[in-house]
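See structure below.
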2 protein chains.
Amino acid sequence: MNNTPIHTDSHTIAELFRSELNLFSPAELKLVNYLLTNYPMSGLVSITELSENCGVSTPTVMRTLKRIGFASFTTFQKELKEELQQTLSDPIAKHDRWAADAPKEHVLNRVADTVTTNLRHSLNQINHEQFDAIIDLLANQEHALHLLGGRITSAFARYLNTHLNVIREDVHLFPETASLWPHHLLKIKENDVVIMFDVRRYEQDLITASRLLKARGAKIILFTDQWLSPVADYSEHTLPIRIEGKSGWDSGVVTLFFAESMIVALEERLWSQTSKRMRELEDMFDLTERFKKKIK
Amino acid sequence: MNNTPIHTDSHTIAELFRSELNLFSPAELKLVNYLLTNYPMSGLVSITELSENCGVSTPTVMRTLKRIGFASFTTFQKELKEELQQTLSDPIAKHDRWAADAPKEHVLNRVADTVTTNLRHSLNQINHEQFDAIIDLLANQEHALHLLGGRITSAFARYLNTHLNVIREDVHLFPETASLWPHHLLKIKENDVVIMFDVRRYEQDLITASRLLKARGAKIILFTDQWLSPVADYSEHTLPIRIEGKSGWDSGVVTLFFAESMIVALEERLWSQTSKRMRELEDMFDLTERFKKKIK
DNA sequence: TTTAACCTGTCAATTTTTTTACATAAGATA
DNA sequence: TATCTTATGTAAAAAAATTGACAGGTTAAA
């Protein structure tokens, strides 16, 4: 069926074995056959177990692997794992390119790749029940809601603030400058909820604030990265979001994704109330003529 | 064909960890978090390597696994391998949903769907050569760069401002309130570049500002939605971004995606200069001790 | 402040795995 | 047949991994 190999070298370890089948002696063939039929899991056990599984001695396994180019059993297994890693993180469903007219290496394609990978990882890491519990907290309007972010993440706090203010009452954004935070802290009562953003590098002011918040009995919902901000020690709920870009930069897109998911979830939960607030807001805007009139 | 679930309790090991997150102490959380982030490959190395990878001791790994019900590290690894075996023999089911442990209708899965659809559409609509031309404009530091957004999108202007200020000089954010914009307009010279955000509902203030900007000879780069803001009439480059959420809400995630792609592209273009600025910034932060020291 | 409980790491004992050295057997060649 | 080569296993040494005992440190409670 497949008559032309695309690459002569550098393919899977399985192919390497298959292409050199005539190299092996009978006992070695027994091993290779076993490896190939239960590929790749068969190679992930100890050399002892592997040799038992296919009825040869451990030195035979060693010799076979050396013959085909691996320095030791250990290096063989390591390469096998890397290959498996590849397979797992590069599922077939993945789109070849996102921006079809741009080359694969174009920045738009690279960033799209990174972002979707981050999204996938983050969603695998975050428990949806925990997410729902957060929405429960936010939906309870007996307690005020406050938003706080760091140097980079304060933009997200703002974004969330704008939307949450439409959805429910009693939503407050911390002031821009940290020196004003103490004043704001005074307003916070026990069981108030604070949504906080802190990604690396973790900021001293935020850590201090979180300690004070905890002391006042506020509940912190923390957006952080996979390495967990120290604020996590004081938070009620922690969302560890994968923010890593390949070449050093950190991406905020997935963070915004979760913020937005919260907005959607909360809006659905409080819809009857929200729709009323939205209508009022529309009326307000009409009066101030801040927005362009609809064309139709 | 197969209508009965094979195991009713067939939780993956990942789910087991996620469901018992409150059980763990800080060091144990570090481990669990690492395991989940690089799941499942992270668990396929020796206990020694695993402990080194996430910065805890081997006994901590043991205790964590025992606490959650595994008799030993060895049994944990064996079960993990069996699970992986399963996954490998059933590869398609994997990316049906984004958050694998949540039902398809869960808000996280719906928003993830919407966002990726929007991303795909937007990337098909936007010419990558135009994107590159925008980067050319931004890379030219003879002219100042200004940022301006609306009620909701000002958060993006802010985010972009924070990052662009690290990358190049002469980057300025418009003030918060529209009444102060005239003052800021005075500072803008011919051929200065203005990045502007305007999505529906289009704001009167922004339209006015864009007319004035054009009159002063400034070049506008416009982030807008698929229905195009009236500002597009005055802009040099327009990025029509698909922002539509299924049930009425508008998503900002893809907008941020393009903003971030700009940051990455520009950073790469100006890297020698940027890296210098970043180092200086780091030194500055060290002096002010604003950030938590690296734990090392 | 003291005490107790708990967290977490170091270190060492024990077990397992990996690797090497060597021996035996089978078959080929002279 | 004698000898050499190749194939393969046994067993022991070396390396590494797993596990348990213990102790310093930290936090919470009295």
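The sequence lines fix the lettering, A, B, ..., with proteins before strands; numbering per chain opens at 1. In what follows, every heavy atom counts, from backbone to side chain, and hydrogens, waters and symmetry copies are set aside.
The side chain of A/Phe73 has C/dT18 as its nearest neighbour among C/dT18, D/dA7, D/dT18. Residue B/Arg67 has its side chain nearest to C/dC7 when only C/dC7, C/dT8, D/dA17 are considered.
With DNA chain D read from its 5' end, the first of the two nearest nucleotides for A/Pro59 and B/Thr58 is the one closest to A/Pro59. Looking at which nucleotide of DNA chain C each of A/Lys66 and B/Lys30 is closest to, the 5′-most match is held by B/Lys30. Between A/Ala71 and B/Gly55, the residue whose closest nucleotide on DNA chain C is further toward the 5' end is B/Gly55.
Heavy atoms of A/Ser46 sit under 4.0 angstrom from primed sugar atoms or phosphate atoms, though from no base atom. B/Thr60 comes within 4.0 angstrom of the backbone, heavy atoms only, and of no base. Across all strands shown, A/Ser72 has heavy atoms under 4.0 Å from sugar-phosphate atoms exclusively, and none from any base.
Within the 4.5 Å cutoff, side-chain heavy atoms of A/Leu50 are placed close to those of A/Tyr34. Residues B/Phe24 and B/Leu31 are not in side-chain contact: their nearest non-hydrogen atoms beyond the backbone lie 4.5 Å or more apart.
Whole-Å rounding puts the B/Met62 CE to D/dT19 C1' distance at 6 Å. In this structure, the CD atom of B/Gln77 is 11 Å from the P atom of C/dT17, given to the nearest Å. Spacing between atom CG of A/Leu44 and atom P of C/dT18 amounts to 12 Å, rounded to whole angstrom units. Taking atom NZ on A/Lys78 and atom C1' on D/dA16, their separation rounds to 13 Å, with Å as the unit. Nucleotide D/dT18 holds its C1' atom 13 Å from the CG atom of B/Leu50, rounded to whole Å. If you take CZ of A/Phe76 and P of C/dT17, they are 16 Å apart, rounded to a whole angstrom. Rounding to whole angstrom units, CD of residue B/Glu49 and C1' of D/dA17 are separated by 11 Å. Taking atom CZ of A/Phe24 as the reference point, atom P of D/dT6 lies 17 Å away to the nearest angstrom.
A salt bridge is defined here as a Lys NZ or Arg NE, NH1 or NH2 lying under 4.0 Å from an Asp or Glu carboxylate O, and B/Glu49 with A/Lys78 fails to meet this definition. Taking 4.0 Å as the cut-off between side-chain N and carboxylate O, A/Asp233 and A/Arg211 do not count as a salt-bridged pair.
Using a 4.0 Å cut-off, no side-chain N or O of A/Thr74 falls inside it from OP1 or OP2 of D/dA16. Residue B/Ser25 places none of its side-chain N or O atoms closer than 4.0 Å to OP1 or OP2 of C/dC7.
Counting only distance, with no hydrogens or angles, the side chain of A/Arg216 and the backbone of A/Lys187 share no donor-acceptor pair below 3.5 Å.
A donor-acceptor contact under 3.5 Å is formed by the side chain of A/Arg63 with the base of D/dG9.
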